[in-house]
> 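I'd like to ask some things about the structure below.
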Amino acid sequence: MSDAPPTLEGDMTLILDPDDPAGWREADAPARTAAGGGHESSDSHLVAGLNPQQKEAVEYRGPALLIVAGAGSGKTRVLTHRIAHLIETREAWPSQILAITFTNKAAAEMRERVQALLGDSASGMWISTFHSACVRILRREAESLGLSSTFTIYDSADTRTVLKRIIKELDADTMGFTPASAQAKISKLKNELTDVEAYARNANTNDPQEVMFLAIFREYTRRLRAASALDFDDLIGETVYLFRAFPKVAALYQRRFRHLLVDEYQDTNHAQYSLIRELTLPVAREIVDELDEHGVLVRGLTDASGQIPGASLTVVGDSDQSIYAFRGADIRNISEFERDFPGAKVVLLEQNYRSTQNILSAANAVISNNFDRKDKKLWTADGDGEQITGYTGYTAHDEAQFVVDEIEALRRAGVDYREMAVFYRTNAQTRALEEIFVRSAVPYRVVGGTKFYERAEIKDAMAYLIAVANPLDELALRRILNTPKRGIGPATETAIAQFAEQNDISFRQAMRSAGELGLGPKVTGAITALADLLDEAALMLVPSQAGLDAGTNEGAAKVSDVLLALVEKSGLLTTLRNSRDPQDETRAENVEELVAQTRDFDRENPGASLVDFLTQVSLVAAADDLDDASGTVSLMTLHTAKGLEYHAVFLTGLEEGLLPHQMSASEPGGPAEERRLFYVGITRARKRLYLSLAMSRAQFGEVSVALPSRYLQEIPDGLIDWKQSPGMATSRGGTQGRALNGRGAGYGGARGSDGGVWGTRGRDLERFSVTKNAGAKTEWANRVTGAVRDNGDLALEAGDRIRHTDFGEGRVTQVTGEGTKKIAHVNFDTAGAKKLLIKIAPIEKL
DNA sequence: GGCAACCTGATTTTT
DNA sequence: TCAGGTTGCC
């Protein structure tokens with residue numbers, strides 16, 4: 001890390017930066033700070049239609065504002081209107097606004113909405129996530145930190161790989177260290193802004209565990225630095241460090257951003273909190289003078305004492321929706337806001353514009369069980385709406401079938417698929433759901449989960465790009481060294497790494513010296529060829545002379561050109577195409593899809609660099625790839641669901657051990673956080689809410705019995721209409737239930753009494769009496785997997801009678817679709833109308 | 001160095 | 001259940 005303070009010359013780029021708007025330079029126009037601005041348009045369209053609290057939140061002016069926004073209370077509306085209001089009243093230039101959101105999708109939406117309110121004058125605002133904003137700052141100021149401005153961003157998988165190697169080399173696994181445990185601990189420390197040196201100062205050197213951890217932490221830090229790489233947590237931490245170590249750099253941003261707005265404030269961690277504090281600090285008079293001398297614009301921003309006052313801060317949040325404590329989020333950031341920022345104004349938004357009163361009453365009832373919270377009750381003027389629907393399945397598949405049946409019923413009633421979502425606690429729960437969705441031919445989409453960019457072949461292709469953008473990145477180089485196979489094995493890899501270490505050169509440079517390693521000619525040739533390929537690709541990115549003169553990227557190859565050249569010349573694509581492994585066909589298609597994505601990127605971001613592309617990819621969030629336009633049902637975790645809303649919401653897997661998750665039981669505050677998670681899920685629903693669980697669930701190949709989630713009992717009886725309550729599900733079967741569960745303790749017994757919703761309320765057990773008996777149990781699991789089944793070209797047409805293993809007999813009314821996607825519309829005698837994917841449905845023609 | 005067969009151990013949520 | 005690691009053979 002460089003100790004030299006940054007020069008103001010370098011800082012000038014901040015002003016001349018092409019993506020800084022014209023408005024930025026006009027900052028020396030007459031002051032339009034809070035004191036000066038007139039509110040000539042206070043009853044403008046920007047506050048019309050807002051309730052009194054929302055209006056107050058839009059119009060309040062002062063150093064600090066906390067908007068406590070209950071779920072569905074219109075906080076995005078308030079935030080966007082507040083930003084628009086600041087700009088329209090000429091109290092701020094767009095460039096003086098920094099708005100932080102949780103996901104890129106939320107940022108994009110906020111930008112769009114502000115733009116819709118203001119038109120063109122909205123450009124130049126920074127609306128982004130914490131991570132994106134920090135990357136932007138860090139790339140600009142990389143030099144101060146001794147980093148390359150093309151630094152790589154390591155995701156958790158990358159971090160894990162590095163730690164795995166370190167742990168192996170240090171033999172730390174014998175002491176019980178795993179990559180995951182070390183990663184969690186390092187992340188936690190970084191979120192607290194504790195770097196290696198700070199940790200070393202307080203470490204107990206008598207504790208061998210701690211000594212070993214310190215060694216791991218130190219080596220990890222060293223390697224990232226050598227590779228010019230930062231992990232997710234560094235992005236925030238290093239920015240805070242940058243501001244603290246280089247006050248003049250900090251001053252540039254403090255001066256620039258006059259209004260900071262932070263969404264989802266309850267989920268900020270200590271590092272993010274510190275970043276906000278740094279950005280809202282006043283700029284001291286001495287620095288103001290110095291900035292002024294260097295031509296950095298300060299006029300109009302100083303107060304009577306010659307200081308530039310701290311930026312005004314607006315935070316929006318809801319402590320009841322704090323669900324990221326496991327990631328270091330500190331609820332105190334919001335609960336102690338008023339103490340942190342004395343004189344802060346607090347506005348409470350309780351009126352809900354999203355859900356029916358029944359849904360809100362359930363949410364209120366559940367969350368009121370968390371003690372130690374400010375009482376807050378959501379209400380709506382829109383009426384009770386329908387009852388909540390409850391269902392207890394015998395297995396996860398039963399539960400999934402219920403979900404799909406209800407989805408189909410909603411669809412028939414005119415609700416679009418895209419207006420429905422299914423939530424669950426853990427990603428593993430998608431399996432059973434997906435099987436039933438596929439079988440029933442209901443279009444769905446899993447949001448998040450195993451992401452495109454996490455696929456091995458995509459990471460391989462990306463590693464080529466990274467190796468070109470950041471030649472110091474050893475991790476990327478080692479990943480592609482023998483991918484595709486070039487005969488460079490682990491022994492050779494280690495030899496190169498050691499050579500680099502001994503000669504204090506980078507891995508990439510060591511590759512250039514392959515001839516000195518005493519390797520065979522074939523291996524040496526392969527290494528040199530790879531190095532050549534990477535060099536060539538790097539050359540493609542250098543702008544032509546004309547471009548250089550104009551200070552543009554003109555003449556430089558596009559990202560897609562470079563990627564295509566890399567995957568073709570390296571043999572990555574051809575190897576996949578020629579492979580006899582059938583899965584490689586899909587992998588080749590994925591790589592081609594990546595090339596297509598870079599083409600889109602090039603088209604949508606003319607002039608953007610390779611590093612821009614890599615940054616964008618590194619920072620995509622699960623929710624970002626939500627495509628509103630697709631007509632599919634969305635499946636996602638409860639965490640991903642935060643901030644979204646749907647006409648109909650299905651909360652599945654409401655069982656002890658799953659929600660609350662067993663892992664949370666031992667954590668302080670765990671069960672309360674799980675309750676908030678449930679609360680978040682409930683409040684996503686506008687009109688219809690479905691709560692479901694399964695009596696037994698397969699885990700690790702074993703079937704285990706489940707108890708209903710404790711949170712279900714916190715919802716008042718009258719609000720839920722149980723199609724099949726937990727009590728009903730057990731009472732069905734003395735012997736049967738027991739056999740089903742495999743293990744003794746029945747559920748009704750564990751529950752105690754038979755009363756209330758847990759008791760029997762007969763209805764709708766038909767379906768189960770047909771198919772559910774102890775003997776059929778094992779068969780059921782196999783049948784449902786469907787993977788082995790292939791009806792191929794079973795010819796069906798309207799009028800045919802068929803038998804389905806679950807639904808019994810029925811008559812085909814219509815056949816739609818082509819080839820493998822052929823769908824039979826069937827009217828079952830007892831189970832009603834269903835749509836089935838012919839190829840895999842468990843059906844036979846009669 | 002590559003590959004197939006076996007074994008084991010893990011499973012929360014994510015920018 | 002399954003992905004990832006290890007072992008042993010070519």
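By convention in this document, chain letters (A, B, ...) are assigned in the order of the sequence lines, proteins followed by strands, and residues within each chain are numbered from 1.
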> Any donor-acceptor pair under 3.5 Å between the side chain of His661(A) and the base of dT12(B)?
no

> Applying a 4.0 Å non-hydrogen cut-off, can you work out what Asn482(A) is touching in the nucleic acid: base, sugar-phosphate, or nothing?
sugar-phosphate

> What integer distance in Å separates Gln662(A):CD from dA10(B):P?
14 Å

> Ring-plane angle category for His131(A) and Phe232(A), please: parallel below 30°, perpendicular beyond 60°, tilted otherwise.
perpendicular

> Taking the six-membered ring where the residue is Trp, are the ring centres of Phe102(A) and Tyr324(A) under 6.0 Å apart?
yes

> Going by centres under 5.5 angstrom and planes under 30 degrees, do the aromatic ring of Phe326(A) and the base ring of dT13(B) stack?
yes

> Between dT12(B) atom P and Glu673(A) atom CD, what is the distance in whole Å?
15 Å

> Identify, between Phe130(A) and Lys485(A), the residue whose nearest nucleotide on DNA chain B lies closer to the 5' end.
Lys485(A)

> What closest approach, in Å, do Asn191(A) and Arg327(A) show between heavy atoms, and which atom pair accounts for it?
OD1-O, 3.1 Å

> Give a yes/no answer on whether the side chain of Thr640(A) brings an N or O atom under 4.0 Å of OP1 or OP2 in dT14(B).
yes

> Given Tyr273(A) and Leu193(A), is the side-chain contact (heavy atoms from CB on, under 4.5 Å) satisfied, shown in steps?
CA-CA 11 Å; Tyr273(A) 166 82; Leu193(A) 294 179; over 6 Å; no

> Under 4.0 Å between a side-chain N or O of Asn427(A) and OP1 or OP2 of dT12(B)?
no

> Taking the six-membered ring for Trp, are Phe243(A) and Tyr253(A) ring centroids under 6.0 Å apart?
yes

> Report each atom pair, protein N/O against N/O of nucleotides 5-7 of chain C, whose distance is under 3.5 angstrom.
from	atom 1	to	atom 2	distance (Å)
dG5(C)	OP1	Lys164(A)	NZ	2.6

> How close or far is atom C1' of dT15(B) from atom CD of Gln616(A), stated in whole angstroms?
15 Å

> Write down the distance between CD (Gln266(A)) and C1' (dT15(B)), rounded to a whole number of angstrom.
14 Å

> For dT13(B) and dG4(C), measure between their P atoms and round to the nearest Å.
15 Å

> State yes or no: are the ring centers of Phe326(A) and His639(A) separated by less than 6.0 Å?
yes

> Do any side-chain nitrogens or oxygens of Thr637(A) fall under 4.0 Å of OP1 or OP2 in dT12(B)?
no

> Between Arg439(A) and Gln401(A), do the side chains contain an N or O donor and an N or O acceptor separated by less than 3.5 Å?
yes

> Given atom CG of Leu230(A) and atom P of dT15(B), what is their separation to the nearest angstrom?
18 Å

> With nearest nucleotide decided by heavy atoms, which residue, His639(A) or Pro490(A), maps closer to the 5′ end of DNA chain B?
Pro490(A)

> Rounded to the nearest angstrom, tell me the gap between atom CZ in Arg136(A) and atom P in dT15(B).
21 Å

> Students often get this wrong, so: under 4.0 angstrom with heavy atoms, is Ser156(A) touching a base, only sugar-phosphate, or nothing?
base

> Grab the CZ-P distance between Phe423(A) and dT13(B) for me, whole Å please.
16 Å

> Could you state the atom-to-atom distance from CD of Glu264(A) to P of dT13(B) in whole Å?
20 Å

> OP1 or OP2 of dT15(B) versus the side-chain N and O atoms of Asn191(A): is any pair under 4.0 Å?
no

> Which heavy atom of Ser322(A) sits nearest to which heavy atom of Asp267(A), and what is that distance?
CA-OD1, 3.6 Å

